[in-house]
**Q** 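Here it is: the structure, laid out below.
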Amino acid sequence: MRTHTCGELRADHEAQRVALCGWVHARRGHGKLVFVDLRDRYGLTQIVFDAEDAPEELVDRGGRLPLETCVRVEGVVRRRRDANPKIPTGEVEVVADALEVLSETANPPVIPAHEDELPSEEVRMRHRYLDLRRPAMQRMLATRHRITKVARDFFDREGFLEIETPVLCRSTPEGARDFLVPSRKQAGMWYALPQSPQLFKQLLMMSGCDKYLQICRCFRDEEPRFDRQAEFSQIDLEMSFVTREQVLDVMERFVRELWREVVGFEPGPFPRMSYHEAMERFGIDRPDTRYGLELVDVSDLAQKTDFRVFRDALAKERGTVRAIRVPDAADRLTRKVLDGYSKFVQEFGAGGVPWTKIVAGESGPGVEGGVAKFIAPIASALIERMEGEVGDVLLFGADARSVCLKALGELRQKVARDLDLIDESAWNFLWVLDFPMFEYDGEERRFYAMHHPFTSPKSEEIERFLGAETGEIELIESIVSDGYDMVLNGNEIGGGSIRIHRQDVQKKVFELLGISESEAHERFSFLMEALRYGPPPMGGIAFGLDRLVMQVLGIDNIRDVMAFPKTHTGQDLLTGAPGPVDPEQLEELHVRSTA
RNA sequence: GGGGCGGUAGCUCAAUUGGUUAGAGUACCGGACUGUCGAUCCGGUGGUUGCGGGUUCGAGUCCCGUCCGCCUCGCCA
């Protein structure tokens with residue numbers, strides 16, 4: 001139907017006779033002279049209907065083409081009188097001598113040419129096929145393809161095999177809520193959709209596949225966020241006979257190649273940081289190192305004051321006082337802004353944000369405003385500890401350690417955004433290592449796996465780990481795993497670990513997680529059985545594909561990097577999923593709805 | 001489940017203290033126009049103000065309920 005695409009024609013196509021197909025992107029009419037920008041996936045080409053070169057009837061039809069009409073045009077390429085440098089085809093135009101309307105359009109709710117006035121997300125999702133016509137969305141789809149292509153090529157060269165794993169799986173006891181699929185043939189039994197192919201990729205290592213790759217869909221029935229969706233994609237990898245160093249090396253080389261190929265930026269070696277250091281310095285396990293505002297422990301100084309807020313905090317179990325120095329911000333952090341920060345940290349369970357400002361005093365810098373009078377005795381020591389300068393603002397967190405770090409970690413990010421301290425051009429990659437194996441839930445009085453229950457303790461921890469008894473909370477909390485997260489500009493883009501390949505170690509994990517032997521047998525007997533037959537040491541990682549695309553394109557919303565996303569309430573507004581089913585279908589599946 | 005913002009023409013938005021016939025831009029339709037690239041100019045069609053109830057002489061505006069979209073806390077091994 002066409003000889004070229006709409007992104008293809010250049011000056012050296014002059015005088016060629018061509019046929020183009022596409023959509024009417026824009027139309028500029030002058031009566032007997034009409035310009036139409038024709039659009040397809042590849043670009044825009046100006047079509048000109050000129051009464052001096054074509055029958056008036058044709059020009060008239062060209063001038064009446066509604067936007068988004070699907071057409072085929074034939075004509076001859078010629079150089080434009082005035083080139084348009086904004087588009088690659090801007091030096092030429094096609095002088096139409098034939099026009100075929102391939103299909104007419106209703107008045108479209110989304111007009112791809114109107115990029116600066118986007119319809120609501122609701123409209124865009126309901127008419128996704130129109131939204132995807134927008135050049136920005138076409139670029140997104142192409143970038144997404146490019147990323148998976150670079151991944152497949154890179155890991156192919158590295159000897160990885162792409163292997164598919166089941167979508168209909170067993171439900172796992174821990175982790176996110178499962179999506180369930182009723183079995184027709186096994187009455188009362190259920191499949192779960194995979195939260196990740198974790199166990200299958202480990203089994204593939206036990207099968208001797210050695211290096212595995214899959215670009216796979218994962219499902220977690222939890223509340224969505226701007227960067228989370230119930231259904232999402234991972235670049236999933238696993239390797240046999242490797243140490244942590246070897247895994248980190250391959251993955252780092254992959255990401256470096258990805259950025260070189262897709263972004264045009266070559267990252268240097270990735271810095272590394274322990275989980276403990278990340279929490280202490282940044283109050284979060286995925287620090288954004290593009291700016292400072294680090295947390296500083298001032299508990300010892302706080303102890304010397306009579307300030308009630310500090311003393312109460314320090315009296316708590318694992319109570320602590322930390323401070324952030326905001327350089328040269330005394331003017332911008334007004335009373336109103338600081339009050340807002342108190343409200344902000346309350347969302348994370350903190351009481352508020354005590355603050356003070358560093359000012360010039362008679363004998364050197366001092367503090368003024370906020371809680372200044374309560375901390376006067378420690379002012380100079382505090383300023384020294386914080387490396388404070390006149391004009392800086394000090395923000396405090398005082399609470400139990402976990403609450404304090406969480407609140408200040410979130411506040412740190414908010415302050416950086418508010419004061420525009422983030423270098424948007426930076427690509428700060430980072431490995432976070434040495435996570436704890438377990439997190440203790442004080443209310444439920446039990447442990448949860450921080451990563452997942454198949455993560456190995458670090459080799460030097462194994463004896464200590466195997467010796468741990470269920471009640472030894474502090475000991476268990478202190479055991480370090482061989483897990484790792486890849487962080488980019490404060491976002492977790494990948495995470496993995498060296499896996500357990502010893503039956504006794506795996507058994508111990510289940511024991512410490514409070515998974516009874518019978519339950520472990522019931523749910524994981526296949527894994528325990530497999531571990532009997534010479535499993536290799538192994539490790540791997542999974543990258544969040546959607547998050548990679550978000551980072552590469554600088555898009556701050558996961559729905560905008562997916563072709564067909566779901567809403568906050570998990571609905572697909574385009575097709576109307578989830579929807580009702582016939583009672584007969586339920587009957588067949590042995591399911592009765594209580595809704 | 002909690003908190004916040006929003007829903008008015010196909011689309012993006014406006015509408016004073018609750019007050020006349022709910023406006024503008026754009027898209028669409030008609031007309032003028034031969035070098036536009038946000039074409040321009042003139043005219044026109046287009047409304048269950050998300051839905052249901054209430055207060056009021058009078059509701060887009062106030063109250064109650066509900067649905068939908070987004071953000072957020074909890075949640076997400």
Side-chain angles (χ1 to χ4, degrees), chain A residues 24-37 44-53 56 59 63-69 78 80-87 89-90 93 95 105-127 130-131 172-178 195-196 198-199 218-230 232 343-349 406 410 414 435 437-439 441 447-455 481 483 492 495 497 509 513 515 542 544 556-557 559 565-569 571 573:
Chain A
V24 175
H25 186 70
R27 190 191 61 233
R28 297 173 292 280
H30 297 260
K32 300 290 180 284
L33 174 70
V34 172
F35 301 96
V36 164
D37 290 339
L44 290 175
T45 299
Q46 174 164 291
I47 311 295
V48 55
F49 295 90
D50 190 336
E52 290 178 3
D53 301 291
E56 281 198 22
V59 178
R64 287 170 196 281
L65 288 172
L67 299 188
E68 297 309 307
T69 306
R78 80 174 171 205
R80 293 204 204 177
R81 289 187 200 175
D82 300 298
N84 181 354
K86 292 179 195 165
I87 57 174
T89 62
E93 62 193 4
V95 185
T105 179
N107 202 358
V110 182
I111 298 176
H114 295 185
E115 291 271 15
D116 52 344
E117 226 176 42
L118 282 187
S120 66
E121 281 213 60
E122 198 172 342
V123 170
R124 290 174 51 207
M125 285 194 276
R126 188 157 276 132
H127 302 277
L130 292 178
D131 194 43
T172 48
E174 289 207 38
R177 194 174 295 114
D178 282 322
Q195 297 181 23
S196 82
Q198 184 59 39
L199 286 167
C218 303
F219 306 87
R220 296 177 190 174
D221 188 7
E222 297 291 349
E223 297 305 306
R225 284 291 184 272
F226 76 96
D227 63 346
R228 277 182 3 210
Q229 178 112 158
F232 63 103
K343 203 170 176 191
F344 175 75
V345 299
Q346 281 163 9
E347 287 176 37
F348 308 100
K406 168 82 174 165
E410 296 291 338
K414 180 167 177 57
F435 289 85
M437 285 281 288
F438 304 102
E439 260 181 318
D441 183 326
F447 282 102
Y448 286 92
M450 190 144 193
H451 187 47
H452 56 56
F454 317 108
T455 300
S481 85
E492 183 196 327
S497 62
V509 170
L513 288 175
I515 299 175
D556 56 11
N557 167 347
R559 295 176 301 280
K566 291 185 175 58
T567 70
H568 202 258
T569 51
Q571 297 184 77
L573 295 180

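Computed from heavy atoms alone, side chains included, the values below leave out hydrogens, waters and symmetry copies. Every chain is numbered from 1 and lettered A, B, ... according to where its sequence line falls, protein lines coming before strand lines.
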**Q** Would you mind classifying the nucleic acid contact of A/T172 as base, sugar-phosphate or nothing, using non-hydrogen atoms under 4.0 angstrom?
**A** nothing
**Q** Using the closest heavy atom to pick a nucleotide of RNA chain B for each, name whichever of A/H114 or A/Y448 lands nearer the 5' end.
**A** A/H114
**Q** Answer whether the closest heavy-atom distance between the side chains of A/E410 and A/F344 falls below 4.5 Å.
**A** yes
**Q** Please confirm whether the backbone N or O of A/E223 pairs with a side-chain atom of A/R228, one donor and one acceptor, at under 3.5 Å?
**A** yes
**Q** When rounded to the nearest Å, what value does the distance between C1' atoms of B/U8 and B/G2 take?
**A** 30 Å
**Q** Just to confirm, is there a sub-4.0 Å distance from OP1 or OP2 of B/C70 to any side-chain nitrogen or oxygen of A/R124?
**A** no
**Q** Tell me the interatomic distance from A/L67, atom CG, to B/U12, atom P, rounded to whole angstroms.
**A** 16 Å
**Q** Quick one: does A/T69's side chain have a donor or acceptor within less than 3.5 Å of a partner on A/T105's backbone?
**A** no
**Q** Name the nucleic acid region contacted by A/P109, choosing base, sugar-phosphate or nothing; use a 4.0 angstrom heavy-atom cut-off, strictly under.
**A** sugar-phosphate
**Q** Quick one: list whatever passes side chain to side chain contact (heavy atoms under 4.5 Å, CB included) with A/K32, sequence neighbours left out.
**A** A/A51, A/E56
**Q** What pairs with A/D221 under salt bridge (Lys or Arg N to Asp or Glu O under 4.0 Å), at least two apart in sequence or on another chain?
**A** none
**Q** By side chain to side chain contact (heavy atoms under 4.5 Å, CB included), which residues pair with A/N557, not counting sequence neighbours?
**A** A/E121, A/R559, A/D560
**Q** CZ of A/R64 versus C1' of B/C29: gap in Å, rounded?
**A** 9 Å
**Q** On a whole-Å scale, what distance lies between the C1' atoms belonging to B/C11 and B/U16?
**A** 27 Å
**Q** Pairs under 3.5 angstrom, nitrogen or oxygen only, protein versus nucleotides 73-75 of chain B, please.
**A**
unit_1 : atom_1 : unit_2 : atom_2 : d
B/C73  : OP2    : A/R225 : NE     : 3.2
B/G74  : N7     : A/R225 : NH2    : 2.9
B/G74  : O6     : A/R225 : NH1    : 3.3
B/G74  : O6     : A/R225 : NH2    : 3.3
B/C75  : O2'    : A/E222 : OE1    : 2.6
B/C75  : O2     : A/R228 : NH2    : 3.2
B/C75  : N3     : A/R228 : NH1    : 3.4
B/C75  : N3     : A/R228 : NH2    : 3.0
B/C75  : N4     : A/R225 : NH2    : 3.4

**Q** Quick check: on RNA chain B, is the nucleotide nearest A/S196 upstream (toward 5') of the one nearest A/P66, or the reverse? Name the residue that is more 5'.
**A** A/P66
**Q** Which part of the nucleic acid, if any, lies within contact of A/E117, taking any heavy atom under 4.0 Å across all strands shown: a base, the sugar-phosphate backbone alone, or nothing?
**A** base
**Q** C1' atom, B/C5 versus B/C76: distance in rounded Å?
**A** 24 Å
**Q** Can you name the side chain to side chain contact (heavy atoms under 4.5 Å, CB included) partners of A/E115, sequence neighbours left out?
**A** A/R134, A/P135, A/A136
**Q** Can you tell me how far P of B/G69 sits from NZ of A/K566, to the nearest Å?
**A** 13 Å
**Q** Do any N or O atoms from the side chain of A/R220 and from the backbone of A/A176 form a donor-acceptor pair under 3.5 angstrom?
**A** no
**Q** Under the side chain to side chain contact (heavy atoms under 4.5 Å, CB included) test, which residues partner A/T455, sequence neighbours left out?
**A** A/H451, A/H452, A/S481, A/S497
**Q** Kindly say if A/S120 contacts the phosphate of B/C11, meaning a side-chain N or O under 4.0 Å from OP1 or OP2.
**A** no
**Q** What's the gap between B/G18 and B/U56 when it is taken at their C1' atoms, as a whole Å value?
**A** 9 Å
**Q** Say whether, by atom type as modelled, one donor and one acceptor occur between the side chain of A/R124 and the main chain of A/V110 under 3.5 angstrom.
**A** no
**Q** Which nucleotide, if any, forms a Watson-Crick or G-U wobble pair with B/G58, using both distances under 3.5 Å?
**A** none
**Q** Would you kindly give the NE2-to-P distance between A/H25 and B/U26, to the nearest whole Å?
**A** 17 Å
**Q** Searching all strands shown, indicate the nucleotide that pairs with B/G25 (Watson-Crick or G-U wobble; both distances under 3.5 Å).
**A** B/C11
**Q** Please name the nucleotide paired to B/U34 by Watson-Crick or G-U wobble geometry with both distances under 3.5 Å, or report none.
**A** none
**Q** If I pick the P atom on B/C63 and the same atom on B/G47, what distance separates them, to the nearest angstrom?
**A** 29 Å
**Q** Report, as a single string ordered 5' to 3', how protein heavy atoms within less than 4.0 Å touch nucleotides 32-45 of chain B: B base, S sugar-phosphate only, - not at all.
**A** -BBBBBSB------
**Q** For A/E122, enumerate each residue passing the salt bridge (Lys or Arg N to Asp or Glu O under 4.0 Å) test, keeping only those at least two apart in sequence or located in another chain.
**A** A/R126
**Q** With heavy atoms under 4.0 Å as the rule, sort A/F454 into base, sugar-phosphate or nothing.
**A** nothing
**Q** Looking only at atom C1', what distance separates B/G19 and B/G3, rounded to whole Å?
**A** 35 Å
**Q** Does B/G69 have OP1 or OP2 sitting under 4.0 Å from an N or O in the side chain of A/R559?
**A** no
**Q** Ignoring the backbone of A/E122, work out which of B/G69, B/C11, B/U26 is nearest its side chain.
**A** B/G69
**Q** For a quick check of understanding: with a heavy-atom distance under 4.0 Å over all strands, which category does A/L118 fall into, base, sugar-phosphate or nothing?
**A** sugar-phosphate
**Q** Find the distance A/F344:CZ to B/G3:C1' and express it as a whole number of Å.
**A** 14 Å
**Q** Using whole Å, what does the distance between atom C1' of nucleotide B/C71 and atom CD of A/Q229 come to?
**A** 15 Å
**Q** Between B/G4 and B/C62, how many Å separate the two P atoms, rounded to a whole number?
**A** 16 Å
**Q** Using atom CG of A/L130 as one end and atom P of B/U12 as the other, report the distance to the nearest whole Å.
**A** 13 Å
**Q** If we call it a pair only when both distances are under 3.5 Å in a Watson-Crick or G-U wobble match, what pairs with B/G69?
**A** B/C5
**Q** In whole Å, what separates the C1' atom of B/G60 from that of B/G50?
**A** 12 Å
**Q** Starting from P on B/G10, measure out to NE2 on A/H127 and report it in whole angstrom.
**A** 11 Å
**Q** Looking at B/G69, I'd like to know if its phosphate oxygens (OP1 or OP2) sit under 4.0 Å from a side-chain N or O belonging to A/Q571.
**A** yes
**Q** Suppose we screen for side-chain hydrogen bond (donor to acceptor under 3.5 Å, both in side chains). Which residues come up paired with A/H127, at least two apart in sequence or across chains?
**A** A/Y129
